[in-house]
Every structure is written in C-alpha cells, then in structure tokens.
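These notes are about the structure you will find just below.
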Amino acid sequence: MTQPPRVRFAPSPTGSLHIGGARTALFNWAWARRNGGTFLLRVEDTDRERSTQAFEDAILDGLKWLGIDWDEGPDLGGPFAPYRQSERLERHRELAAKLLEEGASYRCFCSSERITKLRDEQRASGQNPAYDKTCRGLERAVSEARAAAGEPFVQRFRVPEGSTTFADDVRGTVTFPNADVDDWIMVRADDTPTYNFVVVCDDADMQVTHVLRGDDHLTNTPKQVLLYRALGLEVPGFAHLPLMLGKDGKKLSKRTGDTALQDYRDKGYPPEAVVNFLCLQGWALDDHTEIFSTDELVANFSPKDVGKSGASFDPEKFLWMAGEYLRNDSLERVTHRCAPFVVAAGLMTVAEVEERKDWLAEAVASERERIHLYSELPARIAYLFEDDAELTWQDAALKNANKHAGAADTLASYLAWLRPRLVAPLDKDALRVSSREWAAEHSLKIPALFQPLRLVLTGAAGGPDFFDVMSLLGPERCAARIEAGIARLGAG
RNA sequence: GGCCCCGUCGUCUAGUCAGGCCUAGGACACCAGGUUUUCAUCCUGGCGACGGGGGUUCAAAUCCCCCCGGGGUCACCA
C-alpha cells in the first residue's frame, strides 16, 4: 500500500439524502476507515437554483445518524477548504482559463437553439446526438475577437483521438473509444462551470485518490479521465457501485417509494440496521453472516468485493433486520429510542417518560419481541393507557374468552383469590406458578382461566405474558380491570 | 436507437478471476412441525436458482461463441 486513501462523498443539496447515496457514503467511509485514510465531504451545490442550506443540513444530519463521521467537510473545514463547490468558483475559472489557453478546450459560439435543433435532426435521422464540432477548428484569433466583441460562448473540452482506459475496482479495466465521447461543455454561456468539470478540479485539488460512486456515473468517467490528463494530473482509482433498484427492477427514484433516508428514520428503523442492510446491497461479509457491526464492516470492506449487478431492494428483509436489531440491543437504548414515538402518540409526556423511565423500559421489554420498529411500540402498549372500566376489547379476544363457559364466574373466583396477592412489586414468577395451581385445583384447563383473563387485562388476543401485564398495570388497576371485565362479561 | 454494463432460489447473496471440494451454501419471504397461557420470539424440517443454445474439456455455475432478458447513459442537471 502506498499513501492512505483519500475518498469523498459529494452530495448535491437539491433534495434529501437518498438511501442509495447513503450506501455510497457508507462504502466510501468504510474504505477510508479501514485503511487509515481520510473521508471528506464536499457539497456539490453548483445548481444554485435547486440547492438549499436546509437540504445540506439534512444530509449531514442523516450521515451522522448512520454513525458516519468525516475528517474534512463544509462544517469542519480542512486543509483544502472550502468544501462547498459554489465557493470554489474562482479556482474553477482559473483552471478553465488555463485549459483554454493551452488549447485543451475551445470556445463554442453555437447557440443552444442551434444545438437543440441539431440534436433533433440527428435523432430524427437515426444518428446519435452529439456536437458536430463546428467551432472546434476556429482559429484562435477569430475566437478571441468574437469573444471580445461580446458574442456569447460556452467552453467545450477538446476530446482527443484514441480511447480512454481506466481502472475500476468493481468492473476491472474499462475502456471507452473517444469517438463516443462528445466534446462536452465545461463552462456554460453564463460563465458557470458544469459538473464534469468541477468534480475533477475539486477531486484533484482535494487530492482524492479513490472515487467510489454510483454506476450511473460510469459514462462520465472517460470525460473526467481525459480532463485529469489535460490538466497534467494523476488519475485516481475508480469504483462504480451497482445501483440500488426498486421492486420494479429500475433505479430507485423518489417516485417509487421510500427512498429518502429520513423516511426510515421517521419510521423508527434502528440506524444500525439501516447500515447493515445497505451494506448487504451489493456486498457480503462472507457466505453466511447477515448481521454484522459497523466495526466488522470497516475491518472487511473493500470495493473490490462489491458485486457488479444491481440489487432490488427488499423491504421485508429490511423490516426483519430492523427487528433483529431491536431485539438484541440493550433495553436501555431501545427504550430511549422508543420514547419519542410514545410521546408523539400522545401516550406520555416528555416529563412522564423521564419520571417513569423504568416503567417504560418494562413496557418495552414486554413488547420488543413483537415489534420491528421503534414506531410500532405505541400501538402495542396503548392498552396500558386506556381507562380501566372501558378497555377496548378486540373481537378475537372476546371470542377466545367466550369459548369458556362461565368465564365471568371463573374470573370472579380467581380475583377473590388473587386480590391479596396483588402487590407491588409483583413476584411474577411465583404468581404465575400459583395461578396455574389455582386453575388445577378448580379443575380448570389453563386456557379457561387465561383467555378470559387476557381479554379483561389487555383486550387483545395476543400479547405478552400477563403477569408482566399485571406488573405493568399495578395492583389497583389490575383489580379494576378484572372487576370491570366480570361486569361486562356478565352483562353480555 | 448508439455506447456501456449486468444476468445463481420470488428477493439479498456465497461460489465465477486460479474448471473438479457445488447431487450449488446462507438469509428474507412462504409452507409444515415443535416450544409457549395467547401472539411473537426461538428451534427443526420443507419449498426453491446457475436465463437459453452451442462449443472446449475426462470434468463447466465457473472458459469461449451466439441468442434472449434486464439495467445505465446519451443536458449549457448533478
């Protein structure tokens, strides 16, 4: 290994962070961390119309949420500041002027109307749309004179003959015939530089050694490689990551569903699960490991191991993975992360969450194996917040209870026995055992007691062990629910 | 359409570079059992793929050719 790699993630703040972009960032970051390299962030905000500070903030926030940190960036600064493309305009112009001076690029006075017409005609006659190089042969004096006279022009790159080859860690050696590369525009008529131009200027200035980015940039690469050479710069290594596809097999787009990272955050996905799942789209730790930590990613990731084919996003597996993380994480952290959703659902206030932290943790513990996302908790524990006399009974639960004749009497009899044993804190294990004994002594099958009991305590057909529920409810509310239930069952 | 890329269970993938260890492994989903007071978790088992056709070879998911299918890209967007 030579120098530690310098890699970058360069989002444009024209929208929220896309999960495909998040994966690209993640791979870049992992590669840098694995090799003791540098991971930098550069904001590509050259599209002044659509770029906003709010999007930039949201993108950085999303990366942080995933646990990605960076060594240089718009917020941190660094040795190659500024890290916002719009702030590097002078440097871009300097390099553009140099290229023009050297003849590596040329002024093109063709109007955009002419170009559009040309393209239409080419397409109509079955040709490939490309600039016809009308201005390529303009003599320097003529070019200078027309520019001096105020005639508008763009600056085009003079693509040489031959072919362009570059190394790609994912695809191997890639070669494009230069004949297929258009004399592309570097600087627009309004004197602003275009993406393919600035990306090279900035990557070169920031001494980026490896460019890992989406596959959709593959055809831009020969243009950029040619530019590096024209600038007399060393060409970096590339790795074009296969695109993440939607269910329809097409490139994920904002239209086909939840592609914004923020959506997953809002939905209550654990960020660790998001990281893990994203990695699995195109990369695998080995032949059998599904769940792995960020540390394991960092210890093993290489762009050379990324697959070539696109991956269709599978929401079901994603949900499963979220559940895995939720079940295996510490109770404290799961509780902490569930709390905002409990508050948002109106079940508890922020103050209550703080005061009854242990109680909430107990509630989380009672339900965590039944949920996949933090956001699913409120609905599962809502029954604990209901009025004891008017608990909502689900049909399935009532049906189960009614399977047993004399359910109301059974409950009444059980409550008489239970009441003195309802204390706080509850010895759940002891009560579970003795309750079963009670049922046996009264010649009752276990379900004949427990199904009616589940109905009156939770109102649901399924749910946690109800000695957990009793503990959560506390002695008074527990008794109140059973009493109310007996009355309701008897009346029904 | 031109150029480029990709093609292993429905999905994510291991295996392809260095042909035999692959009667193709793991995971999600699905199905069937087991555990459990219920639901869920968990455990066991099952279902299920080398896109097709030709070669090369003693031997091909792996190498070659053709076909088919899918995708990306062709802006004074990034």
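Numbers restart at 1 for each chain; the letters A, B, ... are given by sequence-line order, proteins then strands.
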Show each protein N/O and nucleotides 62-72 of chain B N/O combination with a separation under 3.5 Å, one pair to a line.
unit_1	atom_1	unit_2	atom_2	d
G72(B)	OP1	K251(A)	N	3.4

Let's test this: given Watson-Crick or G-U wobble pairing with both distances under 3.5 Å, identify the partner of [N].
N	answer
U38(B)	none
C50(B)	none
A18(B)	none

With a 4.0 Å limit, can you tell me whether R327(A) has a side-chain N or O closer than that to the phosphate oxygens OP1/OP2 of C42(B)?
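For C42(B), OP1/OP2 do have a side-chain N/O of R327(A) under 4.0 Å.
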
Can you run down the salt bridge (charged side-chain N to carboxylate O under 4.0 Å, His left out) pairs that involve residues 152-164 of chain A, sequence neighbours left out, and say none if there aren't any?
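Qualifying pairs, neighbours excluded: none.
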
Set of side-chain contact (heavy atoms from CB on, under 4.5 Å) partners for E94(A), sequence neighbours left out:
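Per chain and number, E94(A) pairs via side-chain contact (heavy atoms from CB on, under 4.5 Å) with R91(A).
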
At under 4.0 Å between heavy atoms, what does [X] touch on the DNA or RNA strands: base, sugar-phosphate, or nothing?
X	result
P464(A)	base
E324(A)	sugar-phosphate
N220(A)	base
C108(A)	nothing
T46(A)	sugar-phosphate

For RNA chain B, which residues of residues 235-242 of chain A approach it to below 4.0 angstrom with any heavy atom?
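Those residues: none at all.
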
Got a sec, which residues hit salt bridge (Lys or Arg N to Asp or Glu O under 4.0 Å) with [X], two or more places apart in sequence or on another chain?
X	value
R42(A)	E44(A), D202(A), D203(A)
R136(A)	D183(A)
E332(A)	none

Any N/O pairs under 3.5 Å between the protein and nucleotides 27-33 of chain B? List them or say none.
unit_1	atom_1	unit_2	atom_2	d
A27(B)	O4'	E290(A)	OE2	2.9
A27(B)	N3	K317(A)	NZ	3.2
C28(B)	O2'	K317(A)	N	3.3

Say you pick atom P in U8(B) and the same atom in C3(B); how far apart are they, in whole Å?
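24 Å, rounded to whole Å.
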
How far does the P atom of G33(B) sit from the matching atom of C6(B), given to the nearest Å?
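That atom pair is separated by 45 Å.
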
Strictly under 3.5 Å: I want the nitrogen or oxygen pairs between protein and nucleotides 13-17 of chain B, one per line.
unit_1	atom_1	unit_2	atom_2	d
U13(B)	OP1	G282(A)	N	2.4

Counterpart residues, ring pair (Phe, Tyr, Trp, His ring centres under 6.0 Å), relative to [X] (two or more places apart):
X	value
F318(A)	Y264(A), Y269(A), F277(A), F313(A)
F385(A)	W359(A)
W184(A)	F157(A)

Given E386(A) and T392(A), is the side chain to side chain donor-acceptor pair (under 3.5 Å) satisfied, shown in steps?
CA-CA 8 Å; E386(A) 286 197 72; T392(A) 306; 2.7 Å; yes

